[in-house]
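Just so it is clear, the model here is predicted, and its values are computed rather than measured. Order of appearance sets the numbers: ligands from 1, and atoms from 1 within every ligand.
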Amino acid sequence: MEHHHYTDSTPLLGETSRLADRLAEDGYVFLRGVLPAQEVKRVRDRVLALAAVAGWLRPAEAADEDLPEIDVRTMTRCDDTTRQAVRGEMWSLREFHALMHSPELLDVLEGLLGEPVFVHPRKVLRFVPPESSADSYVSGWHQDHPGVQGSARTLTVWTPLAPVTAGSGGLAIVPASHRSGILPLRLSAGTIVGWEIDTTIRAVHSGPMRPGDILIFTAHTVHGGSPNTGRSPRLSADCRYQPLHDPVCRDSIELDDGSWDEIYRTWPGRGVDDSLAHYWKALPLDIVDYDLRADTIREREVIAAGRNRDPLAARALQITAACSADPMIAAEAAALLSSLGRTLPERSTTD
Ligand SMILES: O=C(O)CCC(=O)C(=O)O
Ligand SMILES: [Fe+2]
């Protein structure tokens with residue numbers, strides 16, 4: 001596999017049609033310094049403060065580029081409920097949501113899409129501890145469209161909250177991989193969802209990133225997180241942006257658990273009269289349900305693989321047991337998982 005640095009498209013900022021051509025050609029653009037570094041730092045500091053309160057950091061030792069080290073033992077010992085609560089507090093930070101609505105970013109996206117943009121409310125904040133921690137994972141090679149659904153023209157923005165170094169790992173992109181539609185998947189025990197793209201990858205683009213830098217890629221572009229081999233957390237944010245008038249999948253708006261008002265309880269004035277709270281309710285959206293058909297087919301495949309005692313099915317069985325909409329399938333997945341005799345660490349199920 002060939003490894004190259006991202007193609008730097010920063011010189012094309014302000015030349016909308018050339019930037020859009022680059023996105024159409026490569027499936028991604030890498031732009032430096034789009035987000036205000038001070039705002040990024042504000043989010044990072046708040047996230048790290050929550051991690052420190054949870055005891056996840058080793059305060060005395062500054063490691064990778066002024067980020068504290070993770071206390072892997074404490075984090076690994078942390079029970080699931082506490083871990084999810086801390087991650088939930090990080091995710092609820094108003095500064096994080098505001099960052100993904102930065103005017104500088106929306107200008108670029110509006111230029112690329114050529115029409116008004118809808119910012120998905122369900123943004124993702126990633127706190128990836130070193131791979132030695134039970135709560136670390138790689139996202140595996142994937143395309144966003146099968147999971148995000150809605151508009152096929154949706155764009156993802158990925159941005160680091162701290163410098164991306166060789167140790168922290170970042171987001172690797174397979175250039176021009178968006179041109180072949182939805183690609184098949186294969187079981188993969190080491191990735192977050194238990195599946196990954198089943199194609200030969202010939203070239204990968206990656207490289208260092210600074211706070212403020214962004215990657216924008218299409219919903220069909222193959223990409224995946226690299227392992228965090230450093231000693232500090234990898235902190236990043238990602239969010240999806242689509243043409244306002246295209247269909248929006250309900251799952252990009254609605255929460256799996258809890259309500260948006262619970263999220264806003266830490267916002268000033270609990271989000272009342274806040275332009276970032278419930279902002280989609282005033283928009284003329286064409287909301288569509290999540291189409292479960294592809295997931296159902298994959299669930300059948302993983303059950304069959306589990307019956308064949310395929311060790312590659314372990315992670316997908318775990319996800320199916322925890323998340324299947326069909327209780328019979330969930331129960332069989334759980335039984336097959338225990339008969340596989342594998343106890344995998346409990347991990348987050350975010351794609
Ligand atoms: O940061 C990662 O590990 C994965 C990010 C990703 O898949 C995305 O932003 O769509
Ligand atoms: Fe993704």
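Each of the following atoms of ligand 1 lies closer than 4.0 Å to a heavy atom of Asp238: 8 (C), 9 (O). Interface of Ser139 with ligand 1, defined as ligand atoms under 4.0 Å from a residue heavy atom, comprises 2 (C), 3 (O), 4 (C). Residue-ligand proximity, Gly225 to ligand 1, at heavy-atom distances under 4.0 Å covers atoms 3 (O). Heavy-atom proximity to Thr156, at under 4.0 Å, picks out these atoms of ligand 1: 9 (O), 10 (O). For ligand 1, the atoms sitting less than 4.0 Å from at least one non-hydrogen atom of Trp158 are 1 (O), 2 (C), 5 (C), 9 (O), numbered in the order shown with element in parentheses.
Atom OD1 is the N, O or S atom of Asp144 at the shortest distance from the Fe ion (ligand 2).
Only the side chain of Arg240 comes within 4.0 Å of ligand 1, judged by heavy-atom distances. Heavy atoms of Leu171 found under 4.0 angstrom from ligand 1 belong exclusively to the side chain. At a heavy-atom cutoff of 4.0 Å, ligand 1 is contacted by the side chain of Asp144 but not by its backbone.
Residues Trp267 and His97 place their aromatic rings such that the two centres sit under 6.0 Å apart. Centroid-to-centroid, the aromatic rings of Tyr279 and His101 come within less than 6.0 Å. The aromatic ring centroids of His5 and His205 lie 6.0 Å or more from each other.
Because the distance cut-off is set at 2.8 Å, Asp238 fails to qualify as a neighbour of the Fe ion (ligand 2), as none of its N, O or S atoms comes that close.
With the Fe ion (ligand 2) as the vertex, NE2 of His223 and NE2 of His142 span 90° to the nearest 10°.
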So Met100 and Tyr241, side-chain contact (heavy atoms from CB on, under 4.5 Å) or not? Walk me through it. CA-CA 10 Å; Met100 304 320 273; Tyr241 302 80; 3.5 Å; yes
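By heavy-atom distance, the residue among His142, Arg126, Gln143 lying nearest atom 2 (C) of ligand 1 is Arg126.
In this model, no donor atom of one side chain and acceptor atom of the other lie less than 3.5 Å apart for Asp261 and Ser259.
Between the side chain of Trp91 and the backbone N or O of Phe96 there is no donor-acceptor pair closer than 3.5 Å.
Environment of CG in Asp79: crowded, with over 12 heavy atoms of neighbouring residues, nucleotides or ligands closer than 6.0 Å. Within a 6.0 Å sphere centred on CZ of Arg202, heavy atoms belonging to other residues, nucleotides or ligands number 12 at most.
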